[in-house]
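Just so it is clear, the structure is predicted and the values come from calculations on it, not from any experiment. Chain letters run A, B, ... following the sequence lines, proteins first, then strands; residues in each count from 1.
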Protein chains: 2
Amino acid sequence: MTNSGGAGKRERLIAAACQMVHQQGVEKTTLADIAQAAGVPLGNVYYYFKTKNDIVRAIVETYLDEARAMLAAIEGGHAAPRDRLKAMFGSLSRDSERIARYGCPTGSLCGELDKRADGPGAAAELMRVPVDWAARQFTAMGRPDAEDLALEVIARYEGTALLANTFRDPDLMARETARVDRWLDAM
Amino acid sequence: MTNSGGAGKRERLIAAACQMVHQQGVEKTTLADIAQAAGVPLGNVYYYFKTKNDIVRAIVETYLDEARAMLAAIEGGHAAPRDRLKAMFGSLSRDSERIARYGCPTGSLCGELDKRADGPGAAAELMRVPVDWAARQFTAMGRPDAEDLALEVIARYEGTALLANTFRDPDLMARETARVDRWLDAM
DNA sequence: GTCTATAGCCAGATAGAC
DNA sequence: GTCTATCTGGCTATAGAC
């Protein structure tokens with residue numbers, strides 16, 4: 001209704017920002033990069049976002065929505081907590097090429113936000129989503145140490161993504177996924 | 001002998017660069033930051049390093065030396081591979097305040113180098129050191145899957161550091177260290 | 001709402017006196 | 001070898017016509 005002339009221009013800008021920032025990082029991505037990738041003239045970006053930081057915030061919001069949607073889809077597709085955790089971790093292997101090339105979008109973004117002024121708040125909010133979700137699954141499995149298990153499984157996820165990216169080796173993800181599957185089966 | 005006037009100025013610059021880059025990241029650290037932290041005038045920096053990238057390379061070299069020295073010290077202090085691995089992982093807890101505030105120096109540097117042009121080579125070389133070392137310890141324990149175990153333990157190390165930094169919670173490191181200790185004892 | 005042109009700033013890098 | 005002053009380029013952000 002409002003934004004009649006926009007025709008999803010704001011959405012295109014956010015999508016372009018997510019892609020460019022994933023590939024190049026926050027600091028090395030310029031507004032000109034984002035504008036060009038979205039097919040929008042540079043000056044027009046400021047009609048939709050007052051500052052570059054506003055775009056970063058929009059990226060975090062998008063990742064929050066995507067993470068919640070993905071975890072909800074997993075819950076819908078798997079009834080057993082153990083299977084849900086496997087499905088969550090397995091998303092590493094599905095995207096292995098992209099992660100080996102550019103890292104985990106959430107993990108590398110959090111790493112960058114930690115060095116920024118606004119940093120900790122938004123990054124922590126973003127990382128809380130999968131950790132809390134995993135903790136609920138372990139609780140449903142009757143584990144009293146659910147919170148520690150959740151931190152361990154997400155740490156393995158992010159750590160594996162970092163190593164796969166550093167070594168440019170997509171295969172690492174499949175190998176660690178197999179190990180996590182066996183670990184979950186044994187508990 | 002050469003560099004008689006230097007009086008360790010180059011070393012001061014590298015030390016300052018390591019500290020500033022750990023705290024602020026590569027992209028947000030300016031040569032002026034480094035020069036000021038080292039007590040050296042900006043223009044003089046270029047007598048020791050032709051470009052900013054040369055300074056980054058010097059940081060990687062320093063981290064390589066430090067990592068090798070630290071692992072050698074652990075080998076000297078512990079005969080059993082299991083104890084060596086525990087000591088390596090335990091270094092997370094010892095530095096927990098700094099890591100919760102600024103992240104793992106190696107991990108966050110690798111994350112940033114992955115987005116740079118020269119990136120993958122230097123970062124991979126740096127991360128190879130602890131992975132190969134851990135693999136040797138697991139091999140000495142008679143484990144045929146030593147390489148996968150090494151990747152897992154370093155992934156947990158780096159992943160835990162990222163989470164502790166994101167949540168600004170030093171306590172995570174001690175909790176994960178305790179879990180890793182039990183895991184190593186059970187194998 | 002859209003887009004061009006440009007202001008203003010700051011970082012990396014250099015020139016050249018000492 | 002050391003240091004001041006400055007150049008150059010690129011990036012965020014704004015002004016203002018349409």
Output the rounded distance in Å from [atom1] ([X]) to [atom2] ([N]).
{"X": "A:Y46", "N": "C:dT6", "atom1": "OH", "atom2": "P", "result": "18 Å"}
{"X": "A:K9", "N": "C:dT2", "atom1": "NZ", "atom2": "C1'", "result": "6 Å"}
{"X": "B:Q24", "N": "C:dA11", "atom1": "CD", "atom2": "C1'", "result": "14 Å"}
{"X": "A:I55", "N": "D:dT12", "atom1": "CD1", "atom2": "C1'", "result": "11 Å"}
{"X": "B:K28", "N": "D:dT12", "atom1": "NZ", "atom2": "P", "result": "11 Å"}
{"X": "B:D54", "N": "C:dA13", "atom1": "CG", "atom2": "P", "result": "9 Å"}
{"X": "B:N44", "N": "C:dC18", "atom1": "CG", "atom2": "C1'", "result": "13 Å"}
{"X": "B:L13", "N": "D:dC3", "atom1": "CG", "atom2": "P", "result": "11 Å"}

Look at the side chain of [X] and decide which nucleotide, out of [options], has an atom nearest to it.
{"X": "A:L42", "options": "C:dA13, D:dA13, C:dG12", "value": "D:dA13"}
{"X": "B:K52", "options": "D:dC11, C:dT4, C:dA13", "value": "C:dA13"}
{"X": "A:L31", "options": "D:dA13, D:dT4, D:dG1", "value": "D:dA13"}

Under a 3.5 Å distance rule, please check whether A:R68 uses its side chain to pair with a backbone N or O of A:V129 as donor and acceptor.
no
Are [X] and [Y] close enough for a salt bridge, meaning some N to O gap below 4.0 Å?
{"X": "B:K28", "Y": "B:D33", "result": "no"}
{"X": "B:E61", "Y": "B:R57", "result": "no"}
{"X": "B:E97", "Y": "B:R101", "result": "no"}

Which comes earlier along DNA chain D counting from the 5' end, the contact point of B:G43 or that of A:T51, where each point is its nearest nucleotide?
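Nearest-nucleotide comparison on DNA chain D picks B:G43.
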Any side-chain N or O of B:Y47 below 4.0 angstrom from OP1/OP2 of D:dT2?
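Indeed not, no polar side-chain atom of B:Y47 lies that close.
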